[in-house]
Structures are given as C-alpha cells and as structure tokens.
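Here the structure is laid out as structure tokens; the discussion comes afterwards.
Residue indices begin at 1 and follow the sequence shown. Given the structure is predicted, the values throughout are model-derived calculations rather than measurements.
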Amino acid sequence: KNSLFQSLNSQRESVLNNLDVANRAYESAVVGYKNSVITTMELNYRQLNITKVNVPLVELEKNIILEQANLEYLVGEIN
C-alpha cells in the first residue's frame with residue numbers, strides 16, 4: 001500500500017507542477033492581452049489549460065482519500 005501512496009503522491013506533485021506552469025502561462029497571457037499582443041481566444045485557451053490540469057488533480061486527490069480510507073479499514077481503524 002505504501003508504494004501506491006507514493007505513486008499517487010508523486011503523480012499529484014507532477015500535476016501540481018503542471019498547474020503552476022499553467023497558472024504562470026495564464027498570468028503572462030493576461031499581460032499580453034492587456035497589451036493587445038494576444039487575442040481573447042488565446043487568453044481563453046490559457047484559462048482552459050488551467051481547468052484541464054485541475055481535472056486530474058481532483059481525481060488524484062479523490063484516489064488518495066479512498067486509499068487512505070481503505071488502509072484505515074484494513075487495519076481496523078474504520079468499521
């Protein structure tokens with residue numbers, strides 16, 4: 001079970017890094033949009049990327065919680 005948690009947490013860290021990159025790209029796009037360097041469509045695309053990264057993050061966090069509950073059940077902490 002420990003290796004499963006490590007794998008899930010590793011995946012979570014990777015997704016969090018991707019989210020950070022997506023957020024920085026969006027912030028940069030906002031500046032570009034304000035300076036008329038990029039279009040509304042490009043700005044919306046950057047915002048969509050943030051949403052696309054958040055979906056697997058939520059899924060991973062759900063899986064981590066479920067695995068923690070399974071482990072607690074197996075060791076008798078949850079009836």
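- In this structure, the separation between CG on Leu74 and CD on Glu67 is 9.0 Å, given to the nearest 0.5 Å.
- Residues passing the side chain to side chain donor-acceptor pair (under 3.5 Å) test with Glu59 are Lys62, sequence neighbours excluded.
- Across all non-hydrogen atoms, the minimal contact from Ile64 to Leu8 is CG1-CB, 3.6 Å.
- Of all the heavy atoms in Ala29 and Arg46, the pair that sits closest is CB-CG, 3.5 Å.
- Remark: Asn23 pairs with Leu19, Ile50 by the side-chain contact (heavy atoms from CB on, under 4.5 Å) rule, at least two apart or across chains.
- Side chains of Ser7 and Gln11: a donor-acceptor N/O pair is present below 3.5 angstrom, by distance only.
- Remark: Asn9 CG to Leu16 CG distance equals 10.0 Å, nearest 0.5 Å.
- In the hydrophobic clustering of ILVMFWY residues, with side-chain heavy atoms under 4.5 Å counting as a link, Val21 and Val31 come out apart.
- Taking every heavy atom of both residues into account, Leu57 and Arg12 meet most closely at CD1-CG, 3.9 Å.
- To the nearest 0.5 Å, atom CG of residue Asn63 and atom CD of residue Gln68 are 11.0 Å apart.
- Separating the CG atom in Leu48 from the OH atom in Tyr26 is a distance of 12.0 Å, to the nearest 0.5 Å.
- Leu66 CG to Leu71 CG: the interatomic distance, rounded to the nearest 0.5 Å, is 12.5 Å.
- Within the 4.5 Å cutoff, the side chain of Tyr33 has no heavy atoms near those of the Thr39 side chain.
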